[in-house]
Number of protein chains: 2
Amino acid sequence: LSPRLTSFIGSQSHQPAESTWFVTKMTTICGEDLPGVSVVQITPKAIPVLPAEAVWRLHGVSSNLRYTTRGEKQELTQRQVALGRPEATRGVLIPIRKNSAWWDLTQEERREIFEEQSRHTTIGLKYLPAIARKLHHCRDLGSAEPFDFVTQFDFAPADEGAFDDLLEALRGTLEWTYIDREVEIRLTQP
Amino acid sequence: LSPRLTSFIGSQSHQPAESTWFVTKMTTICGEDLPGVSVVQITPKAIPVLPAEAVWRLHGVSSNLRYTTRGEKQELTQRQVALGRPEATRGVLIPIRKNSAWWDLTQEERREIFEEQSRHTTIGLKYLPAIARKLHHCRDLGSAEPFDFVTQFDFAPADEGAFDDLLEALRGTLEWTYIDREVEIRLTQP
């Protein structure tokens, strides 16, 4: 299995484990609901056999950058931090699906909307290094997936307000008008 | 399973089937060999349980365009034909893998090499509609895959020389210096 794969298993009950996050809130932003769960187990590998208590499983692979210029990549690399800092006890998962109008655009048209119009990377940069982020790609997994991407965030409790501002800014963009399913899953670790 | 998935099963013997192509020649262009087989079954779906005679299985998904401008897309759409014309009894599969230097480039740097320097789409357009082509993406499948892409071609026997010219042109480009594994599998149907 791909070393770039991460699995997200949503359950109502759980075996305690280091990789377990507790769900504090699930909100359907648009499209179909994802069934409610109380815990999400996040593991950097495939889970071929789901535990009996699993309600859903999402998974995705990290991949090459698609909308980032060399200058933007350098800025991101200098300022971003990896998931998993000890103080980052708040997490958020945002699975999204984009509509066929988005996928029918050419690369340059998608980039124009993503950055020149929507400032996706520019907005994200404002919240670095406080908000750590990792993008998981589901669209080309080969299995029929309910979402195109899962974006995973973590941050310290004091930065939750900044994260809310980041989300509000992104959801007001032209890019977001191409999203036809989005669920927000707020997580915490004790 | 994804409706965009195609499986390629290489075997030494076979049950006759409409989807079976006979291998006339396998050539390793660079990197590790793929074991020799006498037939390849090409099916537009996943094959969860491989037949006992299978030697290898490749698979990939068709996906959105990554290096094509709106103008190039319009030209391609006007001129290209789908795989499977009755006269297209010659086929070729070319699995390739690109090295980490390629994947570490930004999108704009990859596009610059792919088209402005290597003329990948421009070269391919010269051979339309004679040479039909479909690109299958393996890199983000979630399984550990031996190749990043499988490109599938078919054409009438009279166009085999044109196909050889196309391959020679592409293999002389800057883009091809980023390929670290490539196998060429020539196929025929009776």
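In what follows, every chain begins at residue 1, and chains take the letters A, B, ... in the order their sequences are listed. Everything quoted here is computed from the prediction, not taken from an experiment.
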Hydrophobic clusters here meaning ILVMFWY residues chained together by side-chain heavy-atom distances under 4.5 Å, can you tell me if [X] and [Y] are in one?
X	Y	result
B/L187	B/M26	yes
A/L174	A/L166	yes
B/W56	B/F147	yes
A/I9	A/F22	no
B/V23	B/L167	no

Residue pair A/R4 / B/R139, side-chain heavy-atom distance below 4.5 Å: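 The answer is yes; the side chains approach within 4.5 Å.
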
B/Q107 side chain reached by A/Q107 side chain, heavy atoms, under 4.5 Å: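 A side-chain contact exists here, since the closest heavy-atom pair is under 4.5 Å.
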
Proximity of residues 64-81 of chain B to chain A, residues having a non-hydrogen atom under 4.5 angstrom: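 B/N64, B/L65, B/R66, B/T68, B/T69, B/R70, B/K73, listed by number.
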
Among A/C138, A/A144, A/P3, residue most engaged with chain B (heavy-atom pairs, under 4.5 Å):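 Maximum pair count with chain B is reached by A/A144.
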
Option in A/H137, A/E109, A/H59, A/E145 with maximal non-hydrogen atom pairs under 4.5 Å from chain B: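 Maximum pair count with chain B is reached by A/E109.
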
B/L1 portion near chain A, given a 4.5 angstrom heavy-atom threshold: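 Looking at B/L1, backbone and side chain both touch chain A.
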
Proximity breakdown for A/L5 and chain B, heavy-atom pairs closer than 4.5 Å: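 A/L5 touches chain B through side-chain heavy atoms alone.
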
More than 12 heavy atoms from other groups under 6.0 Å of CD on A/E168: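 No, CD of A/E168 has 12 or fewer neighbouring heavy atoms, counting only those of other groups under 6.0 Å.
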
Where B/S62 and A/D140 come nearest, the two heavy atoms and their spacing: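 For B/S62 and A/D140, the tightest heavy-atom pair comes out as O-OD1, 4.5 Å.
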
